[in-house]
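Proteins come first, then strands; the chains are lettered A, B, ... in the order of their sequence lines, and each starts at number 1.
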Number of protein chains: 2
Amino acid sequence: MRKMNTELAAKLAQFPLFTGQSPEMLDKIAAVAQLRRYQRGQSVFCEGDAGNGFYMVSKGRVKIFKLSSEGKEQILHVFGPGEPFGEVAVFEGRSFPASAEAMEAMEAVFIGRADFIELIQKNPGLTLKMLSMLSLRLRIFAHLIEDLSLKDVPSRLARYLLFAVEKQKNSQKIELDITRGQLASLLGTIPETLSRIFSRFQANGVLITNGNEVTIQDIPMLEAIAEGSAKL
Amino acid sequence: MRKMNTELAAKLAQFPLFTGQSPEMLDKIAAVAQLRRYQRGQSVFCEGDAGNGFYMVSKGRVKIFKLSSEGKEQILHVFGPGEPFGEVAVFEGRSFPASAEAMEAMEAVFIGRADFIELIQKNPGLTLKMLSMLSLRLRIFAHLIEDLSLKDVPSRLARYLLFAVEKQKNSQKIELDITRGQLASLLGTIPETLSRIFSRFQANGVLITNGNEVTIQDIPMLEAIAEGSAKL
DNA sequence: CGCTGCGTTGAGCTTCTTCAACGATCGTGG
DNA sequence: CCACGATCGTTGAAGAAGCTCAACGCAGCG
């Protein structure tokens, strides 16, 4: 039992949310945290479920998504190691507003609602981090809403690719870390449409695709498409 | 000066965020808060502006929105008395993710970033309220994303109307408190499309429109349309 | 070897937007 | 008091964007 807690505490220390916490505090947190494991495709929670706590990814990735009545999926987030999810239900005290599913073998730390609220109240630094994380998510959501409502699919793809280029230190060769289908769902479209647009970009010399590898050839053009000042 | 502060303190006490605060605390808050007035159509802040603080509506209404490069508008929120806005920029420390404009003569209390962060850190109750508010907004955004990505316009309108019915205590006569154009922008479409759908609903006996007054006649049908199990 | 999941391509169609015109309402100034 | 312009809402016709459905290729894996 002792050993398990120190292991957990070590994991907790990795999370941005908990950096700067004293070892004693980490031990306290570890005492109320549980480690949970999921297989690829396994559901973590479903929209509407009662939210009794929140999660932080320690290994693998989760997708947070909504389903339409016809089964179409809209991905809201893809979270990897260090990122928390399911907090909305904790603070707002109701059900989960979306579903979560492991995209690959995944491991997450779970902390119950009451325990976490207690932690927060005693820890102003933690509070501010949490507020800042929720704010960041609001910003991301606002961006997604803008995309869905005001931009066409080529623009969205262009924005996504430019973001990926930036994230990978401007190397023009990008490794897509999700499948085409998932990317389509993240961009609010379907695989067929996404595929057509990739082809169109390639036909116009904007990029070259090769499996999960995409080489960007014309960044200025991509920027023009992203902001809507050029069409293909 | 003294008088102004007590006036302000009285206003502050009305805000859900500050209910339960001691008179002394309210005075302290009032000392760092400013009252700002806006005319209909006046901009409060623009997307990208540096966010040095946040606002709480005390009179009138604001819309929070994004603009496309062609000038199309997507409304993210409409806020009335008691509701805070612009907090994202405070906690995340960057710029405003969207623009804000007064929809009518409006009055808002402004609190600077540093002051508010100080307040928060000394006041766990305030913290939790703030977390809960941000969470609620994330939930609302998730709903909007679902609408935009997974539902057609008739569904969105149906959902909106059902929500309004519920809000107005189930009287089937609804008073729309925003213009058609604004409603279109809130639902992620344009006035022409919205108008057509209202006509279609009316032609099928689902509702009767009369200016800003809408009388719902077939709630079950509206529910069916909202969830996508019926089309017109 | 066949199966299954994933990606691609084509054809047709639905939905929504665009563009244009028109009617109604309201506030203003003559 | 009326005329005027501005704003808003409505309606029609045409067009574009993206979705559905179906077929096929390809790779990985039992």
Side-chain angles (χ1 to χ4, degrees), chain A residues 39-41 63 67-75 101 103-104 147-158 176-203 207-214 225 228 230-232, chain B residues 39-41 63 67-75 101 103-105 147-158 175-203 207-214 225 228 230-232:
Chain A
Q39 301 166 358
R40 172 193 156 91
K63 66 178 176 188
L67 285 180
S68 78
S69 50
E70 293 93 16
K72 189 185 165 191
E73 172 191 274
Q74 170 69 50
I75 296 183
E101 188 184 300
M103 297 175 75
E104 52 209 43
D147 269 11
L148 291 172
S149 167
L150 305 173
K151 310 267 184 189
D152 56 16
V153 184
S155 289
R156 294 178 222 162
L157 176 57
L176 295 180
D177 51 0
I178 53 178
T179 68
R180 297 296 174 95
Q182 302 276 273
L183 178 54
S185 166
L186 191 58
L187 297 180
T189 185
I190 55 173
E192 291 95 321
T193 299
L194 185 63
S195 177
R196 288 179 228 280
I197 291 169
F198 262 119
S199 307
R200 216 152 83 208
F201 281 2
Q202 183 151 5
L207 50 74
I208 296 173
T209 63
N210 179 22
N212 281 342
E213 209 173 87
V214 179
I225 294 169
K231 307 262 170 208
L232 284 186
Chain B
Q39 300 166 357
R40 173 193 154 90
K63 64 177 177 189
L67 285 179
S68 79
S69 51
E70 293 93 15
K72 190 185 164 192
E73 172 191 276
Q74 170 69 50
I75 296 183
E101 188 185 299
M103 298 174 75
E104 53 209 43
D147 269 11
L148 291 172
S149 167
L150 305 174
K151 310 269 184 188
D152 58 15
V153 184
S155 289
R156 294 178 223 163
L157 177 56
E175 187 79 22
L176 294 180
D177 51 0
I178 53 178
T179 69
R180 297 297 174 92
Q182 303 275 273
L183 178 54
S185 166
L186 191 58
L187 297 180
T189 185
I190 55 175
E192 291 95 322
T193 300
L194 184 63
S195 177
R196 288 180 228 279
I197 292 168
F198 262 120
S199 306
R200 216 153 82 208
F201 281 3
Q202 184 151 4
L207 49 74
I208 297 173
T209 63
N210 178 22
N212 280 341
E213 210 174 87
V214 179
I225 293 169
K231 307 263 170 207
L232 284 186

Compare side-chain N and O positions of T193(A) against OP1 and OP2 of dC19(D) and report whether any pair is under 4.0 Å apart.
-> yes
Should S199(B) be listed as having a side-chain N or O under 4.0 Å from OP1 or OP2 of dT11(D)?
-> yes
Base dC6(C) paired with Q182(A) side chain (donor-acceptor, <3.5 Å) = no
Any N/O donor-acceptor pair, R196(A) side-chain to dG10(C) base, under 3.5 Å | yes
Between dT8(C), dT20(D), dG9(D), which nucleotide has the shortest distance from any of its atoms to the side chain of I190(A)?
-> dT20(D)
Decide yes or no for K231(B) and I225(B): does some side-chain heavy atom of the first lie under 4.5 Å from some side-chain heavy atom of the second?
-> no
Rounded distance (Å) that lies between atom P of dT8(C) and atom CZ of F201(A) | 14 Å
Close side-chain approach of L67(B) and K72(B), heavy atoms under 4.5 Å | no
Starting from P on dG18(D), measure out to CG on L148(B) and report it in whole angstrom.
-> 15 Å
Rounded distance in Å - CZ (R156(B)) to C1' (dT17(C)) = 13 Å
Beyond-backbone contact of R196(B) with V153(B), side-chain heavy atoms, under 4.5 angstrom = no
Nearest-Å distance, CD (E70(A)) to C1' (dT14(C))?
-> 13 Å
Per nearest nucleotide of DNA chain D, the residue lying toward the 5' end, E192(B) or R40(B), is R40(B)
Quick one: label K231(A) by what it contacts on the DNA or RNA (base, sugar-phosphate, nothing), any heavy atom closer than 4.0 Å.
-> nothing
Between dC8(D) (P) and L194(B) (CG): distance, integer Å | 15 Å
Atom CD of Q202(A) and atom C1' of dT9(C) are separated, to the nearest Å, by 14 Å
How long is the line joining CG of N212(B) and P of dT10(D), in whole Å?
-> 10 Å
What's the CG-C1' distance between L187(B) and dT17(C), to the nearest Å?
-> 16 Å
The nucleotide from dT10(D), dT9(C), dG18(D) with an atom nearest the side chain of R180(B) is dT10(D)
Taking the side chain as every heavy atom from C-beta outward, state whether L150(A) and E70(B) have any pair of such atoms under 4.5 Å apart.
-> no
Got F201(B) and T209(B) here, is their nearest side-chain heavy-atom distance under 4.5 Å?
-> no
Hey, does R200(A) reach any base, or is it just sugar-phosphate, or nothing, if we go heavy atoms under 4.0 Å?
-> nothing
Side-chain N or O of K72(A) less than 4.0 angstrom from OP1 or OP2 on dC19(D)?
-> yes
